Amino acid sequence: MGRSTNSSSSSIDSSNHPSLSCASSLQTKKDLSTDLRLGLNISTSSEIDNFSNNSREQSSDWPPLKPLLRSTLAEKGSNRQRTSYFVKVYMEGVPIGRKLDLFAHNDYDGLVRTLGQMFRTTILCPDIDGVLSDNDHVLTYEDKEGDWMMVGDVPWEMFLTTVKRLKITRADKC
Amino acid sequence: MAYSFPEEVLEHVFSFIHSDKDRNAVSLVCKSWYEIERWCRRRIFVGNCYAVSPRIVIRRFPEVRSVSLKGKPHFADFNLVPEGWGGYVYPWISAMAEAYPWLEELRLKRMVVTDEALELISRSFKNFSALVLSSCEGFTTDGLAAIAANCRNLKELDLRECDVDDRSGNWLSHFPESCTSLVSLSFSCLEGEVSFSALERLVSRCTNLRALRLNHSVPLDKLPNLLRRAPQLVDLGMGAYTAELRPELYSRLGNAFAGCKGLKSLSGFWDVVPSYLPATYSVCAGITFLNLSYATIQSPDLIKLIRQCRNLQRLWVLDYIEDSGLNALAASCKDLEELRVFPSDPFGQEANVSLTEQGLVSVSEGCPKLQSVLYFCRQMTNAALFTIARNRPNMTRFRLCIIEPRTPDYLTLQPLDAGFGAIVEHCKDLRRLSLSGLLTDLVFEYIGTHAQKLEMLSVAFAGESDLGLHHVLSGCKSLRKLEIRDCPFGDKALFVNASKLETMRSLWMSSCSVSFGACKLLGQKMPRLNVEVIDERAPPDLRPESEPIERLYVYRTIAGPRLDMPGFVWTMGDEKSATEFS
């Protein structure tokens, strides 16, 4: 999904974050003793940086908008590039496809890595790995004309403008 | 009992009882009432398809005619549930194909529906009459073609916000010429074209058609013909509402609308060109639901349209309406019950329109029946929330989304705890609440104390500690669904309130501070809950137990752990983990 993972050990020092410092002073005023000794630590989400102004563009899950409205608005965004582009990925033998945000990746390497994790297999991309090692599957895509091509045959940016869906097939079939 | 009514009498009495709650109560009176009731229950609603199995449902209720099922948790709508999580309908269809040959209606929400499932439906139920798919995915137009072709008495085919693979094959043309039974046809979420001639013929011969929602591939110049063939329409979803300005088209459109004297609901409006809007004015006085979510038109045009709709009860609109438009709404539409305002530029950093908290305050003042609100905005104050709460104690659904997370009251820079506190204190019938803005644990204390009728709570980027979660779980008596993302809530509140989770449908927590160890313990302690750890990074048992997991989904179930989980979902506490743990 392209989100950075949460590292629980870091926390934001509330004294240097303007909005949080009000919050913590409010807290000390109220009576924290309940009949419950929870022994709590105050920790705050370290995800706060993900939603600062510049990086919110990457988020595909905030603000909470349903997919149809979200994609319609993203397309209409004035002077704004689309923030995400989801394509369906099918693996041979698995009837249900999965969706993948291509814009969350910068190059074929990233794409192949993500797919490898999603489908728990090794994917060979001919232009990147010249060597035929113990690979299980290869990656193909359907372009705007409806033709199926090997992924990696055109520069990444061009690929993004023409790809409609992806398919992972067994290497020995190619 | 010394005497009792004969079964037939009881059954006759029960036939007047429709609500699930009442039927459930009836079944608890005594064993013989339980038996009689279960044989005559015709409709069932399963709010979580994994809470029960098809086998269990069929065993208890053998004569069902109408089934509603919900699959994925609500946050799946916002891409928070990874693809492949589950919610497959096929096992249900397969079981019902044998057990319920007289099934008539199927309503599915957030489920994975395949073409095979649709084909099986179309072949298995001779009296099948209604298929409603909301936010479903996994099927193509081939599956729709099977439904169209094989369901002889189809009355309702509704696709709402579904993700459908369009295989050109003209599914609509598969409705046989003999099909005249359609009452509702809705395919606004489909991307591809449909055959216009097939559509026109279908609309012509289905004289009972009351609802027709087209997709944006149907151009405006086809609309007059369709409307003339269906003057009895009550609910119309237009296709693209755009064309070059042609007086002849405009007048045909105007006449066609004028012929539809029963129209109550208008939606669609894609790419709307304002000049064509007055063509709808002749029906506006009767309109009760107006969905302008896709209409990128500016406030002055919106105001003109809304002023025509004096009987409006529900309005969905983009924030282009601005405060000025909401003032006009408050002045014109005194029957308004529901308002949804969506953001036109959700990813922008600054406001692109003049829509503030004032607009919502205005509507809360001017519309005495307002009870349901969904409002996206960029600024809010506690004072505004106080005013809204005092104006509208009849509010039942209140969802506020301040677009930038953790935004404080912009005048005082304080958290919005007090404002939301006022909402829950004054609106005693509040059933649904979504929070946003800067919020401490205090708001949860207010919610736990006052929100006694609250059934569903959505929380994002809020709170400071486990105390917040604890307040909600220990306080809200009627809570059924709790969904949380990006809050510093963790293990302790869950442990202390574990038994509360059995009284709820489900709990979702993502990007919080719940540790893998805690999930394992919870799963072990609570055998009637499925504690699902959803983590795409790697198997959580390869990492320290204290490390937080990505997502937690806990739900009560009588079906045990499910067997269809993908590689990134683990159910805690089933036999395998138990032996590892001991």
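Throughout, a chain's letter reflects where its sequence line sits, starting with A, and its residues are numbered from 1. Quick caveat: nothing in here was measured; it's all calculated off a predicted structure.
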Need one label for B:Phe342: side chain, backbone, both or neither, based on atoms under 4.5 Å from any heavy atom in chain A.
side chain

Less than 4.5 Å to any heavy atom of chain A: does that hold for the side chain of B:Ile549, its backbone, both, or neither?
neither

B:Glu404 and B:Arg378 ion-paired at < 4.0 Å
no

Taking B:Asn352, B:Asp163, B:Val112, B:Asp115 one by one, which has the highest count of heavy-atom pairs under 4.5 Å against chain A?
B:Asp163

Side chain from CB out, backbone as N, CA, C, O: work out which of these in B:Ala76 comes under 4.5 Å of a heavy atom of chain A, or both, or neither.
neither

Checking B:Phe495 against chain A: side chain, backbone, both or neither under 4.5 Å from a heavy atom?
neither

Say whether B:Ser474 and B:Asn497, considering side chains only, have a donor N or O and an acceptor N or O under 3.5 Å apart.
no

Can you classify the ring geometry of A:Trp156 versus A:Phe159 as parallel (below 30°), tilted (30 to 60°) or perpendicular (above 60°)?
tilted

Anything under 30° is parallel, anything over 60° is perpendicular, the rest tilted; go ahead and classify B:His216 against B:Trp270.
perpendicular

Thinking salt bridges, do B:Arg551 and B:Glu536 make one under a 4.0 Å N-O criterion?
yes

Examine whether an atom of B:Cys189 lies under 4.5 Å from a heavy atom of chain A, and if so say whether it belongs to the side chain, the backbone or both; otherwise answer neither.
both

Name the region of B:Phe376, side chain, backbone, both or neither, that has any atom closer than 4.5 Å to a heavy atom of chain A.
side chain

Please classify the contact of B:Pro566 with chain A as side chain, backbone, both or neither, using a heavy-atom distance under 4.5 Å.
neither

In terms of side-chain geometry, is the basic nitrogen of A:Glu142 or A:Arg165 positioned less than 4.0 Å from the acidic oxygen of its partner?
yes

